[in-house]
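Here the structure is laid out as structure tokens; the discussion comes afterwards.
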Amino acid sequence: TEHPFGHLIDTLRSEQYEERRYFNPQKLSDVRYENLPFCMRVLLESAIRKCDGFYIKTDDVSSILDWQMQQNQAEVAFSPARVLLQDFTGIPAMVDLAAMRDALAKQGVDPNLVNPRCHTDLIVDHSLQIDYSKWPETMIRNQEMELIRNKERLQFFKWCSKAFKNINVVPPDINTVHQVNLEYLCQVVQEGEGFIYPDSVVGTDSHTTMINGLGILGWGVGGIESEAVMLGQPVSLTLPQVVGCKLVGTINPLATSIDIVLGITKHLRQAGIGGKFVEFFGPGVQQLSAPDRTTIANMCPEYNATVSFFPVDDITLQHFKHTICSEEKLVVLEDYLKAIKLFKSYGDQSEDPQYSEMNLSSIVPHVSGPKRPQDRVAVTCMKEDFINCLNEKVGFKGFHVSKEKQATQVPFLHEGAEYNLAHGSVVIAAVISCTNNCNPSVMLAAGLLAKKAVEAGLTVKPYIRTSLVPGSGTVTHYLNTTGVLPYLRKLGFEVVGYGCATCVGNTAPLPESVVDAIKQGDLVACGVLSGNRHLEGRLCDCVRANYLASPPLVVAYAIAGTVSINLETEPLGVNSEGKDVYLRDIWPSKEEVNHTEENIVIASMFKELRSRMEVRDYNKSAESALFPWDPKSTYIRCPAFFSKLSKEVCAPQSIEGAYPLLFLGDKVTTDHISPAGSIARVSAAARYLQSKRLTPREFNSYGARRGNDAVMTRGTFASIKLQNRLIGKTGPKTLHIPSGQTLDVFEAAERYQRDGVPLIILAGKEYGSGSSRDWAAKGPYLMGVRAVIAESFEKIHRNHLVGMGIAPLQFLPGQNADSLELCGKERFTINIPQELMPRQHTGKSFSVMALFENDMDVAFFRHGGILKYVARSLLL
């Protein structure tokens, strides 16, 4: 059939390259196009090109074109160019597709029909654990352990790369997912199906937003949503409001990209841009390099924006000369973007949108912590703020340590020498160059600071768990080439491997003497890392205070050995001559860093990455269209999502006589719901693995076992930080209401399911915030949870709940569990599809709002989730 917008097809012509066809929105001859923010122009082009009258309709095009009037109102569909998976979230997605093949085969349908229809890249980067540090050949030893520990998972990924079409699997120890995306996968302009078009991506990680710094529209979605996109379903979204952020002023020479990003994060949080798109403009943008922009775009989740978009300009083009582009492609890219008005001149103020202005001159060095990334602390105020945290009652900024115990020091022996630990002592220091710190300038600054520190005679105490986790081989390359890597090693910062480690709780255990000293003194020990996640207890159970800092500040605090220090007025240490050495004595100047960066960060670094990518042997034909499930496997198991799949769609059933499995408060994160770190030895998951004759050393992590529903269901709500009002204390326990027994959450859910009792969850504000995790919805679903009633939800997690057929229900404004005098022991009835009204046996009733945002949400819920919806579409 004729394309509804075929009249917009145009041809790009030049003597420098072959002709290319494209859809040209300018041929609409509609003045509203030039008034659209650049990110909305990307949405419009996609809607025009993919318009088929079914998934994407002409109304979607009209709504986007009428963005000024339709923002926050119209629902539109968006088909991204590709999907990005990392292995923690990618393995359950691929296990689900393998299980879907089995389900279709049982129904007599060709299993080969199940393939990603949207190009998908899966990067195996989250399986690295730090078993060794400060050893010769540290990286090789850790990589060997990674391959041994994750053999079953890697074999499954290899089968996926061979069995499924349209998927590219990047094996471990190449790069982190975000670095591969930035350095290799991003194209800015894609070619396919006879057309060129803007690159765009959705990924199973909230920090997919980094890619917007290069003018490529992308954001994080749930693992369940990503599976739907992989299978040809568009992303459904409410046409967003776009807020411009105008950058003016001159950057302080002492401010790193981390200071800039944290300053902008605070500014945008105060501006209240939750759920909106942000587009940067103004003369200040021209001072930001491409890596600076990706660093800023990375922090979207922390200021609650969906996207922070930097349109392509001359600086972006200059960056692509060193990374992804041949000369021909660079010319095509520039001509095409200019032809459809997606190329930006930041000096031109004629297209300034509604904006929130940010003066770059106001930014000073900060760290974030001790528990949340939004709690910024000026470095000059760090000592005072930490003491205040000791005094404050337990909360986001408090530990409630009595004044008489604040001076506690605990002596201990380590490797034959005596040391002392106190409140504020640093025991973990991790230099990580992914996401926020992919910027070469901050890593080079850390290396140059290490060089000057070693030359000044400074050292790092040997009991501190130091590590250097480059986001890619590119980082190691330029640290080596500049000659700073040996100095980092002398301070204990050995390259331990490539992948996500410290941020996801994969730090090696601290020395026993250190742990004993912390416990003996009940000390608030500290971790300092240049990552993006540092929730309490995430790095290590016994490390309560964790700070995000720029890489050079991580090195500085490691040398100081404490965060309870004023780096401006107190020395880091003394040199061999007994002379005090201050931070200012070894801090590299901005000019020194820029000079080194300009002379080292060249195209050869990216050529090295390409050579590593091209030697892979993953993508060949598989022996079987169906995965040979091993019943003995503790890593890969066929999940039960399709056990009752039928061609017919059953009408939604009312939820009758449900008990609350949990009664939770505010800010319950996906870390609380679905832990990603180590598996506790006393947990339900541990007991399951022990029943399979595994020792605690073989448990691995929850993240590594996301392909096993038996482990992940038992790990649901297994966080030691879970605060459940049904039992009144912290821990992974709940009350089995009929019997009055306190049980593990999984054991209580198992007993309810055995008795045929449906479950709900009561919660407060921002339920499901934090990292995007599909098991935070899959786990409750397999536990028998039918609905979550909360004051508010994090958007991605709300989408996950809908995608699994769990109803997200919101208290009406001004109401919550306390105002309604709920104790959590009532039984609830929810009538579906009539007006949603939980009714307790006491006779009390109240109304809630069902957070189904569009018709597609309703369709997913009626089918019992996205997976069954897609599977049924293949059965018909």
Do Gln26 and Tyr33 have side-chain N/O donor and acceptor atoms under 3.5 Å apart?
-> no
For the pair Asp66 (side chain) and Gln70 (backbone), establish whether a donor and an acceptor sit closer than 3.5 Å, ignoring hydrogens and angles.
-> no
Candidate pair Glu19 and Thr11, rule side chain to side chain donor-acceptor pair (under 3.5 Å), full reasoning = CA-CA 7 Å; Glu19 292 183 354; Thr11 303; 5.2 Å; no
Find the distance between CD1 (Ile315) and CG (Leu288) and round it off to the nearest 0.5 Å.
-> 7.5 Å
To the nearest 0.5 Å, atom CG of Leu8 lies from atom NE2 of His3 at 9.0 Å
Are any of the side-chain heavy atoms of Phe5 and Cys51 separated by less than 4.5 Å?
-> yes
If you look only at distance, which donor and acceptor atoms sit under 3.5 Å apart when one is on a side chain in residues 218-228 and the other is two or more places apart or in another chain?
{"residue": "Glu225", "atom": "OE1", "partner": "Gly222", "partner atom": "N", "Å": "3.0"}
{"residue": "Glu225", "atom": "OE2", "partner": "Asn799", "partner atom": "ND2", "Å": "3.0"}
{"residue": "Ser226", "atom": "OG", "partner": "Gly223", "partner atom": "O", "Å": "2.7"}

Name every donor-acceptor pair, under 3.5 Å, that has one atom in a side chain of residues 91-98 and the other anywhere in the protein, sequence neighbours excluded.
{"residue": "Asp96", "atom": "OD2", "partner": "Lys778", "partner atom": "NZ", "Å": "2.5"}

Step-by-step side chain to side chain contact (heavy atoms under 4.5 Å, CB included) determination, Asn168 to Thr120 | CA-CA 6 Å; Asn168 171 45; Thr120 301; over 6 Å; no
Salt-bridge criterion met for Asp30 and Arg32 (N-O under 4.0 Å) | yes
Can Arg41 and Glu45 be counted as an ion pair, charged N to O under 4.0 angstrom?
-> no
Return the orientation label for the Phe280 and Phe310 ring planes: parallel under 30°, perpendicular over 60°, tilted otherwise.
-> parallel
Using a strict cut-off of less than 4.0 Å between a Lys/Arg side-chain nitrogen and an Asp/Glu carboxylate oxygen, indicate whether Asp199 and Arg82 qualify as a salt bridge.
-> yes
Between Asp313 and Arg293, is there a salt bridge with N-O shorter than 4.0 Å?
-> yes
Do Asn72 and Leu239 have side-chain heavy atoms sitting under 4.5 Å apart?
-> no
Val312 versus Val188: any side-chain heavy-atom pair under 4.5 Å?
-> yes
Contact check, side chains of Val870 and Gln233, non-hydrogen atoms, under 4.5 Å = yes
Ion pair Glu334/Lys344, N-O distance below 4.0 Å = no
